[in-house]
Protein chains: 2
Amino acid sequence: MADAKVTSLDVARLAGVSQSAVSRVFTPGASASKATVEKVRKAAAELGYRPNPLARAMITGKSRIIGLVLTYLENQFYPLALELLSNALQDKGYHVLIFMAPDIHSDIDKVVRELMDYQVDGIITASVGMSNDLTNRCAAAGIPVVMFNRGQDGTGHSSVTAANVEGGRKAAEFLVAGGYTRIAHIAGWSGSSTGRDRRRGFAETLEKNGLAPLATVDGMYKRDIAAEAVRGLMARPERPDAIFVGNDYMAFSVMDTLRAEFGLTIPDDIAIVGYDDVPLAAWAAYDLTTVRQPVNRMVEATIETLLSKIDDPSRPAQKIEIDGPLVLRGTARIPEGWTR
Amino acid sequence: MADAKVTSLDVARLAGVSQSAVSRVFTPGASASKATVEKVRKAAAELGYRPNPLARAMITGKSRIIGLVLTYLENQFYPLALELLSNALQDKGYHVLIFMAPDIHSDIDKVVRELMDYQVDGIITASVGMSNDLTNRCAAAGIPVVMFNRGQDGTGHSSVTAANVEGGRKAAEFLVAGGYTRIAHIAGWSGSSTGRDRRRGFAETLEKNGLAPLATVDGMYKRDIAAEAVRGLMARPERPDAIFVGNDYMAFSVMDTLRAEFGLTIPDDIAIVGYDDVPLAAWAAYDLTTVRQPVNRMVEATIETLLSKIDDPSRPAQKIEIDGPLVLRGTARIPEGWTR
DNA sequence: CTTTCCCTTGCATACGAATGCAATCAGTCT
DNA sequence: AGACTGATTGCATTCGTATGCAAGGGAAAG
């Protein structure tokens, strides 16, 4: 039967104990007798008391808030990650303060500074880079940072990504085994480790098989740029017979363009392989063959890394890579002997 | 050149003024002489001082945090809304604490209680209902609530929705004008005002034109249930020649099922009209004719309503409906005289 | 030159909870 | 019974900032 603003002092008075006692009952690990606990719990329930996390944060320095920096929510991968991250953190008793980075390329320093103001216990950045200056500030303030789906060398931060080089390799091997020979690549933004790694794994593996990419274009993770890249590829004297696209989001644009503007049938006229395996990739309209980024395992690893670093700040930064399978669907011929 | 934890007291000492003076310089509306402001600003810059919002919240009772309760992020409409809401609130100096409601049907009381603990200045719920008890608590605590894309009678909360009855009407008139006669409806969840209103506007308008829905099925806003509904419709002796679907997200599933399982061509064999106009609706693979929910105007209205209620708690709750056009694309025949 | 008024400023306190310290209490061992 | 041990408890202080109050200062008005 609560009214507004019940404080620990109110509870203390009703329970006939000191404010400290109330605090100790609600502080895990503090000592309180069974009798006290009971009295306090009863009084608290009666008044509808709940500890004020802000006041708590002031004194402990721990807000139990995690800052999450995002961009680019139109790519289905991120809403999904957000959902899983948020749920997992809620389960662990943390809360999530969200910031949208204005642009995938822009710096997020302003945003992170605001996060630090709120004394967040940790920061997760999804697909965004941080300046070195800021990196140092976070370190100085003792705020652990985990980069999700983006690595960055030289910073002391942990990162969790898919095994992108390996993923690029898988895509290449698959297309080679499928007998494709004029294979183009519309790559993820070359300013991102993710884009570079996939591209490298892909190119190296083609080479190992005596092939070279027919062309490699930076798609910047954007729909319109990817579509433009397709037009460029199709204008060449030798058209590609397969395209490996740096992520699913661009792959959908590529497929739309090939079908609507060039009247091509996939996979008969041209094969497409994507990267991510977002839910949309499984929908019949696309049925996209793609390398899976195992979001749930990436989320688990992210949270585990972050929380353990919060518990024990002396832990070294980790770079975790998580392997994912190539998911065989309908946008590329399946080689002899490969099972779907 | 900051180190960790610079307080207003540090700044005060360096500037040779009192802590109060520093506070006043950073509090809009407080009085401070030009000389003081300058000294303090300089010292603050030198130390890298930034006011601690948590401490500030303790004393003012205003955290400048808005709680946002979400579900169902796989429907592209919500990530989009989230992005816009978050950006707009950031611009106004607010921050966003995110909560995922476990399920669209489940109650969100626990979640909202946690929000209240954090002394959020206001709450936005997207497509989720609240218990009456909770409603009262928010009122008692003086926390304004705006429901986004969901109305609820009897609560004292404001709500912002599309003009759903009107939207249902538009869909119906369009299909009637297009000469369709066997029109089915796969509706949004009947437990939501949004779903009910669209359905009502649709049914009433058909009736006004001497028609009745061939069938009406509750799609529950779920892909698999919508797909199942399609199978049910196609098993009837008289197959529909058009389907109005309660939102785009389900409409995509309906189209996938019609094409992949029944080999139908859209719009030649059957017409589809959706609701929302999410970005995906404009992609070539679907090219969906749909009633637009003007997200940006809905977001603007939501924020305006919420912030003005925060400024002046005596404002009455508002129920805002925002009209949106029918967007003509390629999933239904366009009637004579209608322009695309 | 005095009076009045407004603008600044510092002092002291408050917000709500956590915690070091010392005192108290119960329980155990001899 | 007395001494010793360990668990509880209350007191007082702390976190960082905002703000009521009263005092000080300067300018304008008389």
Side-chain angles (χ1 to χ4, degrees), chain A residues 2-41 43-44 47-65 114 116-121 141-142, chain B residues 2-41 43-44 47-65 93 116-121 141-142:
Chain A
D3 284 284
K5 304 287 168 199
V6 183
T7 75
S8 58
L9 200 58
D10 299 328
V11 176
R13 274 195 282 258
L14 180 60
V17 297
S18 73
Q19 179 268 326
S20 331
V22 177
S23 168
R24 282 192 253 263
V25 169
F26 285 92
T27 306
S31 85
S33 69
K34 234 189 297 183
T36 304
V37 170
E38 195 160 336
K39 274 190 298 185
V40 169
R41 283 242 128 80
L47 296 174
Y49 169 77
R50 323 197 77 213
N52 180 331
L54 266 45
R56 191 174 255 185
M58 280 220 54
I59 169 103
T60 62
K62 306 263 120 196
S63 59
R64 297 198 76 81
I65 295 180
E114 290 185 39
M116 293 174 61
D117 288 347
Y118 275 90
Q119 303 190 8
V120 294
D121 293 346
Chain B
D3 284 284
K5 304 284 167 201
V6 184
T7 75
S8 57
L9 200 58
D10 298 327
V11 177
R13 274 194 283 258
L14 180 60
V17 297
S18 72
Q19 179 267 325
S20 331
V22 177
S23 167
R24 283 193 251 265
V25 169
F26 284 92
T27 306
S31 84
S33 69
K34 233 191 294 184
T36 305
V37 170
E38 195 161 336
K39 276 190 298 187
V40 169
R41 283 243 128 80
L47 297 174
Y49 168 75
R50 323 197 77 213
N52 180 332
L54 265 45
R56 193 172 253 185
M58 280 220 55
I59 168 103
T60 62
K62 306 262 118 196
S63 59
R64 297 200 74 82
I65 296 179
M116 294 174 61
D117 288 347
Y118 274 90
Q119 302 190 10
V120 295
D121 293 347

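Note that these values count all heavy atoms, side chains included, but never hydrogens, waters or copies made by symmetry. First the proteins, then the strands, lettered A, B, ... as listed; each starts at 1.
- At whole-Å resolution of the value, CD1 in B:I59 and C1' in D:dA18 are 4 Å apart.
- Proximity of A:S33 to the phosphate of D:dT8: no side-chain N or O atom is located under 4.0 Å from OP1 or OP2.
- Where A:L9 and B:T36 meet DNA chain C, the nucleotide closest to each residue was compared, and B:T36 sits on the side nearer the 5' end.
- Relative to the side chain of B:Q19, the nucleotides D:dT17, C:dT9, C:dG16 differ in distance, and D:dT17 lies closest.
- If you take NZ of A:K39 and C1' of D:dT8, they are 11 Å apart, rounded to a whole angstrom.
- Atom CG in A:D10 sits roughly 13 Å away from atom C1' in C:dC15 (whole-Å rounding).
- Rounded to an integer number of Å, the gap from B:N52 CG to C:dC15 P is 18 Å.
- Separating the CZ atom of A:R56 from the C1' atom of D:dT14 is a distance of 16 Å, rounded to the nearest angstrom.
- In this structure, A:R41 and A:Y49 have side chains that are not in contact, with every pair of non-hydrogen atoms separated by 4.5 Å or more.
- Side-chain contact between B:R13 and B:L9 is present, with heavy atoms from C-beta onward closer than 4.5 Å.
- Taking 3.5 Å as the limit, the base of D:dC15 and the side chain of B:T7 contain no donor-acceptor pair of atoms between them.
- Put simply, the side chain of B:S8 never gets that close to the backbone of B:V22: no donor and acceptor are under 3.5 Å apart.
- Rounding to whole angstrom units, CG of residue A:L54 and C1' of D:dC15 are separated by 12 Å.
- Atoms CG (A:D117) and P (D:dG16) sit 13 Å apart, rounded to a whole Å.
- At the heavy-atom level, B:S23 lies under 4.0 Å from base atoms of the strands shown.
- For B:R24 against C:dG10, a side-chain N or O and a base N or O form a donor-acceptor pair under 3.5 Å.
- Dashed line: the shortest gap from a side-chain N or O of A:T27 to OP1 or OP2 of C:dA18 is under 4.0 Å.
- Residue-level contact check: A:S20 touches the bases, meaning some heavy atom is under 4.0 Å from a base atom.
- As rounded to whole Å, 17 Å separates atom P of D:dG16 from atom OH of A:Y118.
- Using a 4.0 Å heavy-atom criterion, one finds that A:S31 contacts the bases of the nucleic acid, with or without backbone contacts as well.
- Taking the side chain of A:M58 as heavy atoms from C-beta on, and the options C:dA17, D:dC15, C:dT19, the nearest nucleotide is D:dC15.
- Distances were taken from every side-chain heavy atom of A:Y49 (C-beta onward) to each of C:dG10, C:dA17, D:dT9; the shortest belongs to C:dA17.
- Nucleic acid contact for A:V17: sugar-phosphate only, since backbone atoms but no base atoms lie under 4.0 Å from a heavy atom of the residue.
- You'll find the side chain of B:V11 stays beyond 4.5 Å of the side chain of B:L14, heavy atoms only.
- Taking the side chain as every heavy atom from C-beta outward, A:R56 and A:N52 never approach each other to under 4.5 Å.
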